[in-house]
Amino acid sequence: MNRWLALIPLAVLAALAVLFIGWSLKRDPAFKPDALVGQAVPETVLPLLSGDQAGPGNLDLRSAGVGKPMLVNVFASWCAPCRIEHPKLLALKARGVAVVGVAYKDEPVATRAFLDEMGDPYAMVLVDREGRAGLDLGISGVPETFAVDALGRITAKQSGPLLDDADIDRLVASMQAPARPAPTRR
């Protein structure tokens, strides 16, 4: 009887292994969740990066675009893929695309050193030391970039570094809000 009791944990482990294998075979590894696409940018108040300090001013992520389309790029100085995508962000700035940076779980001194070394492509940088904006945006890691239209709605998302010009063009095109019809009199 004791021998049979010793086999129960092994049977449970084997059952869990079968369940995990079955789940992983049905899972699409290319799937990237875009839960916030079509919704308003979360209201997350963060301090602005001023020199190598956070603050003194705070800004709501939703109002960062001031009624204009923008890209919100979540990055960090310690992130290797962020270094790889940085030239593409500088090119977007040269094209006149407004990019708002969110320094995710990073110290302001390290963020400033990173921007001084690589160049600053951002219209402004918000400091997210605790990762609140990352949670509100539902990011899975850095870098991630969100296209936001002039009405403050997220229109597209890119998980991972911006490397492909087609992905960049897709983000920029999606944030251009369609023309709204003029109000009519009745």
Requested in this report: Decide whether Ser77 and Asp106 meet the rule of one side-chain donor and one side-chain acceptor closer than 3.5 Å.
Outcome: yes

Residue pairs meeting side-chain hydrogen bond (donor to acceptor under 3.5 Å, both in side chains), one or both in residues 113-128, sequence neighbours left out, come to Asn73-Tyr122, Arg83-Glu117

Any side-chain donor-acceptor pair under 3.5 Å between Gln53 and Arg112? no

Taking Asp60 for its side chain and Thr44 for its backbone only, find out whether a donor-acceptor pair lies under 3.5 Å. yes

| Going by atom types alone, do Glu107 and Thr111 pair a side-chain donor with an acceptor below 3.5 Å? | no

Exactly one of Asp165, Asp164, Asp167 clears salt bridge (charged side-chain N to carboxylate O under 4.0 Å, His left out) with Lys88, and that residue is Asp165

Fill in: Side chain Glu85, main chain Leu162, donor-acceptor under 3.5 Å
yes

Discussion item. Determine whether the aromatic ring centres of residues Phe75 and His86 are separated by less than 6.0 angstrom.
Written reply: no

Between Lys157 and Glu144, is there a salt bridge with N-O shorter than 4.0 Å?
yes

Taking C-beta and beyond as the side chain, do Leu61 and Glu43 meet within less than 4.5 Å on heavy atoms?
-> no

Requested in this report: Salt-bridge test for Arg95 and Asp169: reply yes if a basic N is under 4.0 Å from a carboxylate O, no otherwise.
Outcome: yes

Any donor and acceptor pair, going by atom type alone, linking the side chain of Arg153 with main-chain N or O of Ala40 inside 3.5 Å? no

| Any donor-acceptor N/O pair, Trp78 side chain to Lys105 backbone, under 3.5 Å | yes

